[in-house]
Amino acid sequence: MSLQAQIDPNKLPQHLAVIMDGNGRWAKKQGLFRTIGHESGTKAVREIVEACAELNISYLTLYAFSTENWNRPRLEVETLMKLLVSSLKKEIKTLRDNNIKLNAIGNLDALPKKAKSELLDVIDKTKDHTHMTLTLALSYGSREELVKTIQEISHKVKNKLISPIEIDEATINNHLYTRDLPDVDLLIRTSGEQRISNFLLWQIAYAELYFTETLWPDYRKNHLFEAILNYQNRERRFGKTSEQLEQ
Ligand code: FPP
(Lines give C-alpha, C1' and ligand atoms only; values in the text may rest on other atoms or scores of the structure.)
Protein backbone atom coordinates (compact mmCIF):
# COMPACT_ATOMS: atom_id res chain seq x y z
CA MET A 1 0.00 0.00 0.00
CA SER A 2 1.36 3.47 -0.82
CA LEU A 3 2.29 5.77 2.08
CA GLN A 4 -0.51 8.14 1.10
CA ALA A 5 -3.10 5.34 1.20
CA GLN A 6 -2.07 4.47 4.78
CA ILE A 7 -2.96 7.95 6.06
CA ASP A 8 -6.13 8.08 8.18
CA PRO A 9 -8.18 11.02 6.80
CA ASN A 10 -9.92 11.37 10.18
CA LYS A 11 -6.70 11.93 12.14
CA LEU A 12 -5.00 14.61 10.06
CA PRO A 13 -3.25 17.55 11.71
CA GLN A 14 -5.57 20.52 11.23
CA HIS A 15 -2.60 22.90 11.25
CA LEU A 16 0.80 21.85 9.93
CA ALA A 17 3.79 24.18 10.28
CA VAL A 18 7.15 23.68 8.58
CA ILE A 19 10.62 25.08 9.23
CA MET A 20 12.14 24.68 5.77
CA ASP A 21 15.83 24.28 6.52
CA GLY A 22 18.89 23.09 4.63
CA ASN A 23 18.79 25.03 1.34
CA GLY A 24 22.33 26.36 1.85
CA ARG A 25 23.83 22.97 2.76
CA TRP A 26 22.04 21.32 -0.17
CA ALA A 27 23.70 23.77 -2.56
CA LYS A 28 27.11 23.60 -0.89
CA LYS A 29 27.14 19.80 -1.12
CA GLN A 30 26.96 20.16 -4.89
CA GLY A 31 29.39 23.05 -5.16
CA LEU A 32 26.59 25.52 -6.03
CA PHE A 33 25.78 28.99 -4.67
CA ARG A 34 23.45 29.08 -1.65
CA THR A 35 20.96 31.07 -3.75
CA ILE A 36 20.53 28.02 -6.05
CA GLY A 37 19.56 26.08 -2.94
CA HIS A 38 16.76 28.57 -2.24
CA GLU A 39 15.63 28.37 -5.86
CA SER A 40 15.43 24.58 -5.60
CA GLY A 41 13.58 25.03 -2.30
CA THR A 42 10.68 26.67 -4.14
CA LYS A 43 10.00 23.36 -5.94
CA ALA A 44 9.65 21.64 -2.57
CA VAL A 45 7.30 24.43 -1.48
CA ARG A 46 4.98 23.79 -4.43
CA GLU A 47 5.10 20.00 -3.90
CA ILE A 48 4.21 20.28 -0.20
CA VAL A 49 1.47 22.88 -0.74
CA GLU A 50 -0.15 20.59 -3.33
CA ALA A 51 0.23 17.51 -1.11
CA CYS A 52 -1.45 19.29 1.82
CA ALA A 53 -4.31 20.40 -0.41
CA GLU A 54 -4.73 16.81 -1.70
CA LEU A 55 -4.80 15.46 1.85
CA ASN A 56 -7.34 18.09 3.00
CA ILE A 57 -5.09 19.72 5.58
CA SER A 58 -6.83 23.00 6.41
CA TYR A 59 -3.87 25.15 7.52
CA LEU A 60 -0.25 25.05 6.33
CA THR A 61 2.25 27.59 7.68
CA LEU A 62 5.74 27.90 6.20
CA TYR A 63 8.70 29.69 7.81
CA ALA A 64 9.97 31.47 4.71
CA PHE A 65 12.00 34.33 6.23
CA SER A 66 12.78 35.09 9.88
CA THR A 67 13.54 38.45 11.49
CA GLU A 68 17.09 37.10 11.97
CA ASN A 69 17.43 36.30 8.24
CA TRP A 70 17.85 40.04 7.52
CA ASN A 71 21.42 39.61 8.84
CA ARG A 72 22.40 37.32 5.94
CA PRO A 73 24.60 38.62 3.09
CA ARG A 74 22.80 41.31 1.05
CA LEU A 75 22.82 39.23 -2.15
CA GLU A 76 21.18 36.29 -0.40
CA VAL A 77 18.45 38.49 1.13
CA GLU A 78 17.82 40.09 -2.28
CA THR A 79 17.58 36.67 -3.93
CA LEU A 80 15.09 35.45 -1.34
CA MET A 81 12.93 38.56 -1.87
CA LYS A 82 13.11 38.15 -5.67
CA LEU A 83 12.17 34.48 -5.32
CA LEU A 84 9.21 35.48 -3.20
CA VAL A 85 7.96 37.90 -5.87
CA SER A 86 8.52 35.48 -8.77
CA SER A 87 6.94 32.56 -6.86
CA LEU A 88 3.88 34.65 -6.00
CA LYS A 89 3.45 35.62 -9.66
CA LYS A 90 3.95 32.04 -10.85
CA GLU A 91 1.97 30.22 -8.16
CA ILE A 92 -1.22 32.26 -8.23
CA LYS A 93 -2.49 29.57 -10.63
CA THR A 94 -1.65 26.76 -8.16
CA LEU A 95 -3.53 28.73 -5.47
CA ARG A 96 -6.55 29.19 -7.76
CA ASP A 97 -6.57 25.58 -9.03
CA ASN A 98 -6.47 24.24 -5.47
CA ASN A 99 -8.83 26.85 -3.91
CA ILE A 100 -6.07 27.97 -1.51
CA LYS A 101 -6.20 31.24 0.40
CA LEU A 102 -2.85 32.98 0.93
CA ASN A 103 -2.10 34.61 4.26
CA ALA A 104 1.07 36.14 5.75
CA ILE A 105 2.37 36.67 9.27
CA GLY A 106 5.29 38.81 10.39
CA ASN A 107 6.43 42.40 10.15
CA LEU A 108 5.37 42.85 6.53
CA ASP A 109 6.33 46.55 6.62
CA ALA A 110 9.97 45.44 6.71
CA LEU A 111 9.66 43.79 3.27
CA PRO A 112 10.80 45.63 0.12
CA LYS A 113 7.89 47.63 -1.37
CA LYS A 114 7.57 45.35 -4.40
CA ALA A 115 7.50 42.15 -2.34
CA LYS A 116 4.91 43.60 0.04
CA SER A 117 2.62 44.86 -2.72
CA GLU A 118 2.80 41.58 -4.69
CA LEU A 119 2.07 39.67 -1.50
CA LEU A 120 -0.93 41.85 -0.59
CA ASP A 121 -2.19 41.55 -4.16
CA VAL A 122 -2.16 37.72 -4.08
CA ILE A 123 -3.68 37.72 -0.58
CA ASP A 124 -6.50 39.87 -1.93
CA LYS A 125 -6.99 37.76 -5.08
CA THR A 126 -7.27 34.54 -3.04
CA LYS A 127 -9.26 35.86 -0.08
CA ASP A 128 -12.45 33.96 -0.98
CA HIS A 129 -10.75 30.59 -1.37
CA THR A 130 -11.89 28.04 1.20
CA HIS A 131 -10.10 24.69 0.79
CA MET A 132 -6.88 25.52 2.64
CA THR A 133 -5.10 28.51 4.19
CA LEU A 134 -1.42 28.80 3.27
CA THR A 135 0.38 31.16 5.62
CA LEU A 136 3.85 32.47 4.81
CA ALA A 137 5.87 33.64 7.81
CA LEU A 138 7.88 36.57 6.41
CA SER A 139 10.12 38.77 8.51
CA TYR A 140 8.58 36.75 11.32
CA GLY A 141 9.93 36.29 14.83
CA SER A 142 7.88 34.86 17.65
CA ARG A 143 9.42 37.04 20.37
CA GLU A 144 8.76 40.16 18.29
CA GLU A 145 5.14 39.00 17.85
CA LEU A 146 4.80 38.55 21.62
CA VAL A 147 6.33 41.96 22.35
CA LYS A 148 3.91 43.58 19.88
CA THR A 149 1.02 41.71 21.49
CA ILE A 150 1.97 42.85 25.00
CA GLN A 151 2.35 46.45 23.80
CA GLU A 152 -1.10 46.40 22.17
CA ILE A 153 -2.79 44.89 25.22
CA SER A 154 -1.00 47.32 27.58
CA HIS A 155 -2.24 50.18 25.45
CA LYS A 156 -5.81 48.93 25.81
CA VAL A 157 -5.37 48.59 29.58
CA LYS A 158 -4.00 52.13 29.77
CA ASN A 159 -7.01 53.41 27.82
CA LYS A 160 -9.33 51.39 30.09
CA LEU A 161 -10.65 49.32 27.17
CA ILE A 162 -9.80 46.15 29.09
CA SER A 163 -8.95 45.51 32.75
CA PRO A 164 -5.87 43.39 33.69
CA ILE A 165 -8.06 40.75 35.37
CA GLU A 166 -9.91 40.16 32.07
CA ILE A 167 -6.71 39.21 30.22
CA ASP A 168 -6.73 35.49 29.43
CA GLU A 169 -5.27 33.15 26.81
CA ALA A 170 -7.94 34.17 24.30
CA THR A 171 -6.97 37.85 24.71
CA ILE A 172 -3.37 36.97 23.84
CA ASN A 173 -4.41 34.74 20.92
CA ASN A 174 -6.54 37.55 19.52
CA HIS A 175 -3.56 39.90 19.35
CA LEU A 176 -1.11 37.52 17.67
CA TYR A 177 -0.45 37.59 13.89
CA THR A 178 -1.98 34.08 13.95
CA ARG A 179 -5.30 35.23 15.45
CA ASP A 180 -7.26 33.57 12.62
CA LEU A 181 -5.39 30.26 12.79
CA PRO A 182 -5.87 27.30 15.15
CA ASP A 183 -2.97 26.05 17.32
CA VAL A 184 -0.27 24.09 15.48
CA ASP A 185 -0.77 20.29 15.66
CA LEU A 186 2.40 19.16 13.90
CA LEU A 187 5.67 21.03 13.39
CA ILE A 188 8.19 19.62 10.92
CA ARG A 189 11.80 20.80 10.65
CA THR A 190 14.04 19.52 7.88
CA SER A 191 17.85 19.17 7.62
CA GLY A 192 18.64 17.47 10.92
CA GLU A 193 18.58 20.57 13.15
CA GLN A 194 16.48 20.10 16.27
CA ARG A 195 15.44 23.57 17.38
CA ILE A 196 12.52 25.96 17.06
CA SER A 197 14.40 29.12 16.00
CA ASN A 198 11.88 31.67 17.29
CA PHE A 199 8.96 30.17 15.30
CA LEU A 200 5.39 30.21 16.71
CA LEU A 201 6.51 29.73 20.34
CA TRP A 202 3.04 30.34 21.81
CA GLN A 203 1.20 28.45 19.08
CA ILE A 204 3.19 25.17 19.35
CA ALA A 205 2.45 24.67 23.06
CA TYR A 206 0.85 21.25 22.37
CA ALA A 207 2.26 20.53 18.89
CA GLU A 208 3.96 17.26 18.02
CA LEU A 209 7.51 17.92 16.82
CA TYR A 210 9.00 15.97 13.91
CA PHE A 211 12.61 16.32 12.79
CA THR A 212 14.02 14.80 9.61
CA GLU A 213 17.52 14.70 8.12
CA THR A 214 16.22 15.45 4.60
CA LEU A 215 17.36 18.84 3.29
CA TRP A 216 14.48 21.09 2.24
CA PRO A 217 15.18 21.11 -1.55
CA ASP A 218 14.98 17.27 -1.48
CA TYR A 219 11.69 17.25 0.47
CA ARG A 220 8.92 15.52 -1.49
CA LYS A 221 5.34 14.33 -0.96
CA ASN A 222 6.42 10.92 0.38
CA HIS A 223 8.55 12.61 3.08
CA LEU A 224 5.45 14.52 4.19
CA PHE A 225 3.32 11.36 4.16
CA GLU A 226 5.93 9.65 6.39
CA ALA A 227 5.79 12.56 8.85
CA ILE A 228 1.99 12.46 8.96
CA LEU A 229 1.93 8.67 9.50
CA ASN A 230 4.41 9.14 12.35
CA TYR A 231 2.14 11.85 13.83
CA GLN A 232 -0.90 9.58 13.54
CA ASN A 233 0.85 6.90 15.58
CA ARG A 234 1.46 9.25 18.50
CA GLU A 235 -0.91 9.68 21.41
CA ARG A 236 -1.69 13.35 22.07
CA ARG A 237 -2.56 13.58 25.75
CA PHE A 238 -2.69 17.36 26.36
CA GLY A 239 -1.58 16.73 29.95
CA LYS A 240 -4.12 13.93 30.60
CA THR A 241 -3.44 10.21 31.22
CA SER A 242 -3.95 7.52 28.55
CA GLU A 243 -6.82 6.08 30.63
CA GLN A 244 -8.62 9.43 30.69
CA LEU A 245 -8.30 9.69 26.91
CA GLU A 246 -9.81 6.22 26.42
CA GLN A 247 -12.95 7.11 28.38
C1 FPP B 1 16.62 27.80 5.21
O2 FPP B 1 17.73 27.25 4.56
C3 FPP B 1 15.70 28.40 4.30
C4 FPP B 1 15.40 29.75 4.24
C5 FPP B 1 16.04 30.73 5.10
C6 FPP B 1 14.43 30.29 3.30
C7 FPP B 1 13.33 29.40 2.84
C8 FPP B 1 12.93 29.85 1.49
C9 FPP B 1 12.54 29.06 0.48
C10 FPP B 1 12.32 27.62 0.62
C11 FPP B 1 12.33 29.62 -0.89
C12 FPP B 1 11.37 30.73 -1.01
C13 FPP B 1 10.07 30.49 -0.37
C14 FPP B 1 8.89 30.89 -0.82
C15 FPP B 1 7.67 30.71 0.03
C16 FPP B 1 8.70 31.49 -2.15
P17 FPP B 1 19.17 27.76 4.98
O18 FPP B 1 19.60 28.76 3.98
O19 FPP B 1 19.15 28.22 6.39
O20 FPP B 1 20.01 26.43 4.84
P21 FPP B 1 21.34 26.07 5.65
O22 FPP B 1 20.92 25.92 7.10
O23 FPP B 1 21.73 24.76 5.02
O24 FPP B 1 22.31 27.16 5.42
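In listed order, ligands and their atoms are each counted from 1. In this text, all values refer to a predicted model and were calculated from it rather than measured experimentally.
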Novice: Heavy-atom distances under 4.0 Å decide this one: backbone, side chain, both or neither, for N69 against ligand 1?
Specialist: side chain
Novice: So which bit of R34 gets within less than 4.0 Å of ligand 1, heavy atoms only: side chain, backbone, both or neither?
Specialist: side chain
Novice: For R25, take its heavy atoms, then give the atoms of ligand 1 lying under 4.0 Å from any of them.
Specialist: 21 (P), 22 (O), 23 (O)
Novice: Starting from atom 7 (C) of ligand 1, what is the nearest protein heavy atom, named by residue and atom, and what distance separates them?
Specialist: A64 O, 3.6 Å
Novice: Give the contacting part of W216 toward ligand 1: side chain, backbone, both or neither, where contact means a heavy-atom distance below 4.0 Å.
Specialist: side chain
Novice: Under a 4.0 angstrom heavy-atom cut-off, which atoms of ligand 1 come close to S87?
Specialist: 16 (C)
Novice: Would you verify whether the NZ or CZ of K11 falls within 45 degrees of the ring axis of Y231 while also being under 6.0 Å from that six-membered ring's centre?
Specialist: no
Novice: Any side-chain donor paired with an acceptor under 3.5 Å for T94 and D97?
Specialist: no
Novice: Counting only heavy atoms, tell me which of R72, M20, E68, K43 gets closest to atom 19 (O) of ligand 1.
Specialist: R72
Novice: Give me the nearest non-hydrogen protein atom to atom 12 (C) of ligand 1 as residue plus atom name, then the distance to 0.1 Å.
Specialist: T42 CG2, 3.9 Å
Novice: Below 4.0 Å from any atom of ligand 1, is there a heavy atom belonging to S191?
Specialist: no
Novice: Which residue and non-hydrogen atom of the protein lie closest to atom 9 (C) of ligand 1, and at what distance in Å?
Specialist: N23 ND2, 3.8 Å
